[in-house]
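If you're wondering where the values come from, they're calculated on a predicted model, not measured in any experiment.
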Amino acid sequence: MANLVTLSTIGAKEADFSSLPKNFTVYEKEIKAKLKRQIDEVLPSNPDLIVFPECANRYVPNTRLELKEYYKHLGDSIEEFLKPIAIENNTNIAYSAVRYADPSDIKPFRNSTVYINRKGEVNGIYDKNHLIVEENTQGDVRYGTQAELVELDFGKAASVICFDLNFDELLYKYKPQNPDLIVFCSMFHGGLMRQAQWAYTCRSYFVGAVCDNPCYILNPYGDIIASSTNYTKHVSAKVNLDYALCHLDYNWDKFTAAKKKYKDALTVYDPGFVGSVMLTCEIPDMTVWDIISEFEIEPLDDYLERVRAHRLTNL
C-alpha cells in the first residue's frame with residue numbers, strides 16, 4: 001500500500017546580526033523567530049518531515065570563540081522551542097546545529113542533526129562523523145563515531161552532514177542498513193552527481209537542506225523530484241516509500257503483466273539507461289513486495305548478488 005510522505009527542506013541563508021548589538025539573549029530570540037518563519041513557509045504542504053540545513057542556529061559575523069560562548073548560552077533551548085511546534089503541526093523536524101553536548105569533555109561540542117518527532121520527543125541524534133579539521137582543533141567539536149539509522153514514524157533515515165558527503169566509508173556503513181531516506185544537512189551543496197550517488201547506492205530517497213543553495217529532493221535513482229530556486233529557499237514534495245528497484249533482465253514480461261492487472265495503482269518508473277525500474281504501489285492492503293512475490297519479480301540487488309555468486313563459482 002502507499003506510504004506517502006511529504007518532505008520539506010529549507011535552504012535559507014545564515015542569520016545576519018551585523019546590525020544588532022552583541023547580545024546572546026537577543027540573538028537567541030532572533031534565531032527562534034527565524035526558524036519559526038521558515039517552518040511557517042512549508043506548513044501549507046502538511047509536511048511529515050521538515051529538514052533544516054547545517055548550523056541552523058548560527059549567525060554572521062562571528063568568531064570561533066564567540067560562537068563557542070554562544071552555543072554554551074543556547075544549551076538545548078532551540079530544541080525545546082521546536083518541540084511544541086512539532087506537536088502542534090503533527091510533523092517531524094530534523095534540526096541541524098552545533099550543540100553544547102558535554103561540558104565535562106575537553107571538546108564539549110557536537111555538530112549534530114537532532115530529530116524531533118510528532119510527540120515533541122527527541123527520537124534520534126546523529127553527530128557529524130567527518131569534520132573539517134578546524135572544527136575539531138579550533139571549534140572543539142568532537143568527531144561522531146556512530147552511523148545508525150534514525151527510526152521515524154514513516155521509515156528509516158540515514159543522516160549526513162556537509163563534509164560527510166565526501167566519505168565513501170560513511171556511505172557504505174549506511175548501505176547495508178537499507179535506509180528509506182537520506183537526510184543531508186549542509187553548508188555546501190556537494191554537487192548533483194555526489195548527492196545522486198548516495199541516493200542510488202543506498203537505493204534511498206534523498207532530501208538535501210543546503211544553506212543558501214538549491215535544495216533537492218531526489219528519488220532512489222538520483223533524479224530530481226523537486227528543487228528550491230533562487231526565488232524560493234524552500235521546497236516540498238510527496239514521495240511514496242512503498243517502492244522497490246528491479247532489473248529489467250528476466251522481468252520485462254512480469255512488469256507488463258503486473259501493470260495490466262493493477263493499472264495506475266502500480267507505477268513502473270523507468271529512468272532510462274540504467275537497466276532497471278522502480279516499482280511503487282498504491283494498492284490498499286498490498287505492498288510492492290506482495291506484487292514482487294505474486295509475479296516472481298527479481299529485485300535489483302538480488303539479481304546482482306546472483307550474478308556475483310555465479311561468477312565466483314565459475315572462475
Side-chain angles (χ1 to χ4, degrees), residues 6-17 27-28 30-43 45 47 49-62 67 70-71 74 78-79 81-82 85-86 91-99 109-116 124-132 135 139 141 144 150 157-166 170 181-192 194-195 198-199 205-218 224-237:
T6 299
L7 307 172
S8 293
T9 175
I10 294 168
K13 294 181 180 180
E14 288 183 276
D16 185 345
F17 293 161
Y27 291 179
E28 177 185 344
E30 291 293 325
I31 287 292
K32 288 177 178 176
K34 175 177 181 281
L35 298 180
K36 181 61 167 60
R37 287 194 300 271
Q38 292 168 354
I39 290 172
D40 287 344
E41 288 178 331
V42 300
L43 285 179
S45 295
L49 176 66
I50 300 170
V51 183
F52 282 102
E54 183 189 26
C55 297
N57 63 354
R58 200 165 71 182
Y59 60 88
V60 293
N62 61 62
L67 281 177
Y70 168 69
Y71 296 141
L74 286 182
I78 305 296
E79 292 95 317
F81 171 74
L82 293 173
I85 295 176
T91 190
N92 296 275
I93 298 174
Y95 166 66
S96 195
V98 173
R99 57 193 184 95
F109 303 101
R110 307 289 183 271
N111 188 340
S112 308
T113 298
V114 178
Y115 292 84
I116 300 169
I125 298 176
Y126 167 75
D127 295 332
K128 186 176 179 181
N129 277 215
H130 298 279
L131 304 172
I132 295 172
E135 284 186 88
V141 179
V150 175
S159 307
V160 186
I161 299 177
C162 199
F163 203 47
D164 277 334
L165 199 71
N166 294 293
L170 181 61
L181 178 67
I182 297 168
V183 174
F184 177 53
C185 306
S186 190
M187 296 296 291
F188 98 118
H189 188 276
L192 178 57
R194 192 63 175 157
Q195 291 188 13
W198 276 70
Y205 284 90
F206 182 106
V207 55
V210 186
C211 181
D212 199 26
N213 270 279
C215 297
Y216 297 151
I217 299 172
L218 309 178
I224 298 174
I225 298 171
S227 173
S228 63
T229 73
N230 57 315
Y231 301 111
T232 306
K233 297 297 185 181
H234 59 84
V235 69
S236 301

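Remark: Arg99 engages Asp127 in a salt bridge, criterion side-chain N to carboxylate O under 4.0 Å. Arg37 and Glu41 are not joined by a salt bridge, as no carboxylate oxygen comes within less than 4.0 angstrom of a charged side-chain nitrogen. For the pair Lys128 and Glu135, the salt-bridge criterion is met [side-chain N within less than 4.0 Å of a carboxylate O].
Side-chain atoms of Asp16 and Pro61, non-hydrogen and from C-beta on, do get closer than 4.5 Å to each other. Between Leu49 and Thr91, the closest side-chain pair of non-hydrogen atoms is not below 4.5 Å. Side-chain contact check for Trp198 versus Leu165: some heavy-atom pair is nearer than 4.5 Å. For the pair Tyr115/Val183, a side-chain contact is recorded, criterion being any heavy-atom separation below 4.5 Å from C-beta on. Contact of the Ile217 side chain with the Phe206 side chain is not registered, since no non-hydrogen atoms from C-beta on lie closer than 4.5 Å. Taking the side chain as every heavy atom from C-beta outward, Lys36 and Phe81 approach each other to under 4.5 Å. Using a 4.5 Å heavy-atom cutoff, the side chains of Val42 and Ser236 are in contact. By the 4.5 Å heavy-atom criterion applied to side chains, Asn213 and Cys211 are not counted as neighbours.
Ile50 pairs with exactly one of Ile10, Thr6, Leu7, Thr9 by the side-chain contact (heavy atoms from CB on, under 4.5 Å) rule, that one being Ile10. In summary, of the residues considered (Val150, Ile78, Ile125), a side-chain contact (heavy atoms from CB on, under 4.5 Å) with Val114 occurs for Ile125 alone.
Taking each heavy atom of Lys34 and Glu14 in turn, the nearest pair found is CE-C, 4.1 Å. Counting all heavy atoms, side chain and backbone alike, Lys233 lies closest to Thr229 at CD-O, 4.2 Å. When every heavy atom of Ser228 is checked against every heavy atom of Cys215, the shortest pair comes out as OG-N, 2.8 Å. Minimum interatomic distance between Leu170 and His130 (heavy atoms only, all atoms of both residues): CB-NE2, 4.0 Å. Phe109 and Gly139 make their closest contact through CD1-O, 3.5 Å (heavy atoms, listed as atom of the first residue, atom of the second, distance). What you find for Ala12 and Gln38 is that their closest heavy atoms are CB-NE2, 3.1 Å.
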* To do: Apply side chain to side chain contact (heavy atoms under 4.5 Å, CB included) to the pair Tyr205 and Ile182, showing each step before the final yes or no.
  => CA-CA 6 Å; Tyr205 284 90; Ile182 297 168; over 6 Å; no

* Step-by-step side chain to side chain contact (heavy atoms under 4.5 Å, CB included) determination, Phe188 to Asn166 -> CA-CA 11 Å; Phe188 98 118; Asn166 294 293; 3.8 Å; yes

* To do: For the pair Phe52 and Thr113, evaluate side chain to side chain contact (heavy atoms under 4.5 Å, CB included) and give the outcome as yes or no after the intermediate values.
  => CA-CA 9 Å; Phe52 282 102; Thr113 298; over 6 Å; no

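With values rounded to the nearest 0.5 angstrom, Leu192 atom CG is found 4.5 Å from Ile224 atom CD1. To the nearest 0.5 Å, the span separating CD1 on Ile31 from CG on Leu74 amounts to 8.0 Å. With rounding to the nearest 0.5 Å, the separation of CZ in Phe184 from CZ in Arg194 is 10.0 Å. Between atom CD1 of residue Ile161 and atom OG of residue Ser96 there is a gap of 4.0 Å, rounded to the nearest 0.5 Å. To the nearest 0.5 Å, atom CG of residue Asp40 and atom CD1 of residue Ile85 are 7.5 Å apart. Separating the NE2 atom in His234 from the CD1 atom in Ile39 is a distance of 12.5 Å, to the nearest 0.5 Å.
Between the side chains of Asp164 and Tyr126, at least one donor-acceptor pair of N or O atoms lies under 3.5 Å. For the residue pair Tyr95 / Ser112, no side-chain donor-acceptor distance below 3.5 Å is found, with atom types taken as modelled.
The backbone N or O of Leu131 lies less than 3.5 Å from no partner atom in the side chain of Asn111, so there is not a single donor-acceptor pair.
Here the two rings, on Tyr59 and Tyr70, have centers that are under 6.0 Å apart.
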